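To start, the structure itself, in structure tokens.
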Number of protein chains: 2
Amino acid sequence: MNGRLDNTENRHLKERKVLDRIKSIPLPAIRRYPSYLRRLKKYESEGVLWISATTLAEDLSLSSILVRKDLACTGLEGRPKYGFPIEPLICAIEKSLGWDNATDAILVGAGNLGTALMGYGGFTQYGLKIIAVFDSDPLKIGEMIHGVKILDIEKTADFIARTKIPMAVLTVPAAYAQLIAMKLSDAGIKGIWNFAPIKLKLSNDVIIQRVDLASSFAELSSRLKK
Amino acid sequence: MNGRLDNTENRHLKERKVLDRIKSIPLPAIRRYPSYLRRLKKYESEGVLWISATTLAEDLSLSSILVRKDLACTGLEGRPKYGFPIEPLICAIEKSLGWDNATDAILVGAGNLGTALMGYGGFTQYGLKIIAVFDSDPLKIGEMIHGVKILDIEKTADFIARTKIPMAVLTVPAAYAQLIAMKLSDAGIKGIWNFAPIKLKLSNDVIIQRVDLASSFAELSSRLKK
DNA sequence: ATTCTATCGATATTTAATTATCGAATACAA
DNA sequence: TTGTATTCGATAATTAAATATCGATAGAAT
Ligand SMILES: NC(=O)c1ccc[n+]([C@@H]2O[C@H](COP(=O)([O-])OP(=O)(O)OC[C@H]3O[C@@H](n4cnc5c(N)ncnc54)[C@H](O)[C@@H]3O)[C@@H](O)[C@H]2O)c1
Ligand SMILES: NC(=O)c1ccc[n+]([C@@H]2O[C@H](COP(=O)([O-])OP(=O)(O)OC[C@H]3O[C@@H](n4cnc5c(N)ncnc54)[C@H](O)[C@@H]3O)[C@@H](O)[C@H]2O)c1
């Protein structure tokens, strides 16, 4: 095999490998990526250029083998003795998450939790941008919440259809969550980040991600008990 | 082996088995328990007396084998053709989680998120009771927040020492979280429910449970991307 | 130039969790 | 009373994830 042929072959193989990998990054790795990102950005801001899986692992109290594997899933290759170049690594992780360009979203339910989320600056780091807020309470409609005006829930479907916005953050009481989720789904929403403590049942082409604080607290309680 | 001896043996074996089980309920099962509880309580309020693993599984879109196994971990035994008695099942799950008697906690950081959590009625269901709130902001100290007075952060150590309160909910900015956590640990806190996006490093006898919204959002993003 | 060391990445191995299988129990209907 | 459908629980098989092992690489030190 001559050099050129070998390269073509290799590139081809590599591309297939990268494609496979995109489909097959283990979920636990995906969940660890944000922690890596935060740490890497901190290093980057301090002017550090290279990081080893070993160092990152120590920072986050993880096994270095695990971190190395996770990083390998992004497709970026490390360099013996040096580790990984930080800036490309950040890009690679963000790309793997789909955080490389911002996701616009709406928020439904401007209550306690919805208001707190709106006031949270951290989301921009994840490429999440909440561009509209909806509620059913006449007292709230028209008010401003952290710089965004609260709109009438009745206008949601129209808004989604018009803007083709892909994602909704759902922070309404559990009793209304299923109904509203179905309306969002009908209107064409692609993903729902659900903070209400119920399992939403929608057609399979809507991605649902639930945040269940009770699960987290359960884990804490049971560990504390022992 | 005669009947009596056999019984003694059996009881002994069963007790050991129960003990083992307490230590060894898989974490994923623990995390599912709150969902079971919510559903069971709903059935209970409707006057239903028995529930099968099959039904519960359908309700929550889980595999019935998984649910049956999870329920078995509580130590309660089901009855063929009927399933499990709801009320004892609720008790058994709550006991497994340590939710059978309420846990008192303090909350540190009366900001956006801290305020939202204080306003959340759901926690009482988990046996979590926040009895005091602390902050460093002079403008906030002395104010009321959902019925609880905000106290000076400087008084935290003393409060913990005096009340022997086991748990703290940490909702301060990430930059302060480690420092405050160390103070809480020194003061004798046993568990910390940490909402700040950093890995706290404390002595191993403090149980730390982190809530990482970014992880959840990462999962959503990456699933949405595909 | 040679040796030493830290790191990577590929390939096992181990561990944990989920899913499947199957016999036993029991309510209920015929 | 008998048969049938349904559920349980024990055990086995499968799958996914974490951990361990080890040769290769490349920079730094001798
Ligand atoms: N607050 C928390 O800390 C917290 C924690 C965990 C989970 N949650 C969950 O988040 C959700 C919101 O909690 P919260 O404390 O913010 O409650 P909340 O009552 O403060 O807010 C709910 C908001 O939804 C609005 N709403 C009600 N029905 C609506 C409808 N049909 N259409 C549009 N808007 C509607 C209400 O007007 C209100 O503004 C709940 O499901 C709760 O279980 C909250
Ligand atoms: N708001 C959200 O939706 C959200 C979501 C995810 C994570 N978080 C995390 O939760 C934490 C709090 O977020 P937030 O939005 O409520 O912030 P915030 O700034 O609104 O509130 C922080 C509070 O902590 C207090 N504080 C600051 N330093 C303190 C100290 N040394 N001792 C005691 N109190 C102190 C401040 O006075 C303020 O009241 C942050 O770590 C944030 O990353 C928030």
Side-chain angles (χ1 to χ4, degrees), chain A residues 10 13-14 16-18 20-21 23-33 35-36 40 43 48-86 88-89 92 215 218-219 222-223, chain B residues 10 13-14 16-18 20-21 23-33 35-36 40 43 48-86 88-89 92 215 218-219 222-223:
Chain A
N10 270 343
L13 279 175
K14 221 168 214 175
R16 269 204 44 193
K17 218 167 156 191
V18 167
D20 284 356
R21 197 157 31 203
K23 295 190 195 220
S24 66
I25 301 179
L27 217 53
I30 296 280
R31 283 195 281 254
R32 284 186 290 267
Y33 278 172
S35 294
Y36 297 160
L40 291 171
Y43 276 119
V48 180
L49 294 176
W50 293 83
I51 182 107
S52 72
T54 317
T55 311
L56 196 51
E58 259 168 31
D59 288 344
L60 301 168
S61 312
L62 296 172
S63 123
S64 64
I65 302 158
L66 182 64
V67 173
R68 194 169 300 124
K69 250 192 167 178
D70 286 351
L71 300 188
C73 290
T74 65
L76 190 69
E77 291 195 350
R79 190 166 137 189
K81 192 90 182 182
Y82 257 45
F84 297 79
I86 287 197
L89 182 55
S215 286
E219 206 180 320
S222 80
R223 287 166 61 203
Chain B
N10 270 343
L13 279 175
K14 221 166 214 177
R16 267 203 47 193
K17 219 168 158 190
V18 167
D20 284 355
R21 197 158 33 204
K23 294 192 195 220
S24 66
I25 302 179
L27 218 53
I30 296 280
R31 283 193 282 253
R32 284 185 291 267
Y33 279 172
S35 295
Y36 297 160
L40 292 172
Y43 277 118
V48 181
L49 293 177
W50 292 84
I51 182 107
S52 74
T54 317
T55 311
L56 197 50
E58 260 168 31
D59 289 343
L60 302 169
S61 311
L62 295 172
S63 123
S64 65
I65 302 156
L66 183 63
V67 173
R68 194 169 299 124
K69 252 195 165 174
D70 286 353
L71 300 188
C73 289
T74 65
L76 191 69
E77 292 195 350
R79 188 166 139 191
K81 191 89 183 183
Y82 257 46
F84 297 79
I86 288 199
L89 183 53
S215 286
E219 207 179 318
S222 79
R223 286 166 61 202

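Here is the naming used below: chain letters follow the sequence lines, and residue numbers restart at 1 for every chain. Here the structure is a predicted model, which is why all the values come from computation and not from measurement. Below, each value reflects all heavy atoms present in this structure, side chains not excepted, and no hydrogens, waters or symmetry copies.
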Any residue meeting side-chain hydrogen bond (donor to acceptor under 3.5 Å, both in side chains) with [X], in chain and number order, not counting sequence neighbours:
| X | answer |
| --- | --- |
| A/Ser222 | none |
| B/Arg223 | A/Gln209 |
| A/Ser64 | none |

Residue that, paired with B/Pro85, satisfies side-chain contact (heavy atoms from CB on, under 4.5 Å) out of B/Leu76, B/Leu49, B/Ile51: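 Answer after filtering B/Leu76, B/Leu49, B/Ile51: B/Leu76.
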Summary of ring-ring contact (aromatic ring centres under 6.0 Å, His included) pairs that have at least one residue in residues 51-71 of chain A, sequence neighbours excluded: none
Pairs meeting criterion salt bridge (Lys or Arg N to Asp or Glu O under 4.0 Å) with involvement of residues 52-71 of chain A, two or more places apart: A/Arg32-A/Asp70, A/Arg39-A/Asp59
Strand contacts (DNA chain D) in residues 55-63 of chain A, 4.0 angstrom heavy-atom criterion: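 Under 4.0 Å from DNA chain D: A/Ser63.
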Atom [atom1] of [X] to atom [atom2] of [N]: distance rounded to whole Å?
| X | N | atom1 | atom2 | value |
| --- | --- | --- | --- | --- |
| A/Ile30 | D/dA16 | CD1 | C1' | 15 Å |
| A/Phe84 | D/dA26 | CZ | C1' | 15 Å |
| B/Ile25 | C/dA16 | CD1 | P | 16 Å |
| A/Asp70 | C/dA10 | CG | C1' | 16 Å |
| A/Leu66 | C/dC8 | CG | C1' | 15 Å |
| B/Leu71 | D/dA10 | CG | P | 13 Å |
| A/Lys69 | D/dT21 | NZ | P | 14 Å |

side-chain N/O B/Arg68 vs D/dG9 OP1/OP2, d < 4.0 Å: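 Checking B/Arg68 against D/dG9: no side-chain N or O falls below 4.0 Å of OP1 or OP2.
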Phosphate OP1/OP2 of C/dT18: any B/Arg32 side-chain N/O under 4.0 Å: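 Answer yes for this pair, as a side-chain N or O of B/Arg32 is under 4.0 Å from OP1 or OP2.
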A/Ile65 or A/Pro28, whichever maps to the more 5' nucleotide of DNA chain D: A/Pro28
Set of residues satisfying side chain to side chain contact (heavy atoms under 4.5 Å, CB included) with respect to A/Pro26, sequence neighbours excluded: A/Pro28, A/Ala29, A/Cys73
By side chain to side chain contact (heavy atoms under 4.5 Å, CB included) - contacts of B/Ser215 (at least two apart): A/Arg31, B/Asp212
Sugar-phosphate, base or nothing in reach of B/Ala29, heavy atoms under 4.0 Å: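 Nothing, no heavy atom under 4.0 Å.
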B/Leu71 vs B/Tyr36, side-chain contact (heavy atoms from CB on, under 4.5 Å): CA-CA, chis, key distance, verdict: CA-CA 9 Å; B/Leu71 300 188; B/Tyr36 297 160; 4.0 Å; yes
Closest listed nucleotide, where the reference is the side chain of B/Glu77 and the choices are C/dT7, D/dA12, D/dG9: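 Of all the options, the side chain of B/Glu77 is nearest to D/dG9.
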A/Ser52 side-chain proximity, nearest of D/dT11, C/dA12, C/dC8: C/dC8
Contact letters for nucleotides 24-30 of chain C, in which S counts primed atoms plus P, OP1 and OP2 and B counts the base, heavy atoms under 4.0 Å: -BBBS--
